[in-house]
Every structure is written in C-alpha cells, then in structure tokens.
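A quick write-up on the structure given underneath.
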Amino acid sequence: MIDIKINITDRNGNKHEVSAPTDMAMNLMEVVRSYELAPEGTIGVCGGMAMCASCQCYVLSNTELPEMSDDEEAMLSEAFDVKANSRLGCQIQMTPGLNGLEVELAPEC
Ligand code: FES
C-alpha cells in the first residue's frame, strides 16, 4: 500500500497535511470528506459525477494532473469562483505521482 501526502487548505484557511492511499480508487473529494475538512453536505454533493462543482479546488502546486475531461470542463465553465487553476476534486484520482499535491478548497457553492 502506497500513501501519498497531500496539503489541503480548508475553506477557513487552515492547512492540513493528510495522507491518502493510492490503492483504494479514492479521489481528492473523497479524501477531503474522509478527513472531514469540509462540512457534510457542502462537498461531493453529486457523488463525484462532475455535476455539482461542490468539490472545486484550486491547485497551488505545479503537480502534473490528469487532463480535464469534457464533463469537468463543462461543469467548471458554469461554476462560481472559478480560477485558472480550478479543478474538480472528484475527478482527480489518488495516484503516486500526486505526492506533494497542494490544493485549496474553493468557497462553498
Ligand atoms: Fe460534484 Fe465533484 S462532487 S462535481
């Protein structure tokens, strides 16, 4: 089992360094939920289908991420508070290459 370290800044500006397993098919939104870094019901509303943007986060590190799918791009084009470094956490699977990833949760939508 390989765990990676991810730095997550919550919506109150508090930083958390968490470890995330890469062998459990978890995505970033699920990692945030498992550490309860955002209140229940404010993240992962659509269950990870790229249909709500409640899992939007800003990528602060220059970690290489998987390409955006059309669904992710479409959802972000309609979401609020979108920046150039916005991604949907539910579309980012935990893989060893993401060790050291740094993100900040976007405001609640
Ligand atoms: Fe809904 Fe990610 S959980 S878009």
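Note that ligands are numbered from 1 as they come in the structure, with each ligand's atoms numbered from 1 the same way.
The number of protein N, O or S atoms lying under 2.8 Å from atom 2 (Fe) of ligand 1 is 2.
Heavy atoms of other residues, nucleotides or ligands lying less than 6.0 angstrom from CD of E40 number 12 at most. Enclosure of atom CG in N14 by more than 12 non-hydrogen atoms of other residues, nucleotides or ligands within 6.0 angstrom is indicated.
With Y35 contributing its side chain and S19 its backbone, the two residues share a donor-acceptor pair below 3.5 Å. With hydrogens and angles ignored, the 3.5 Å screen pairs no side-chain donor or acceptor of R11 with any backbone N or O of A38.
Using a 4.0 Å cut-off between charged side-chain N and carboxylate O, K15 and E104 make no salt bridge.
With contacts defined as side-chain heavy-atom distances shorter than 4.5 Å, the pair L28/M94 qualifies.
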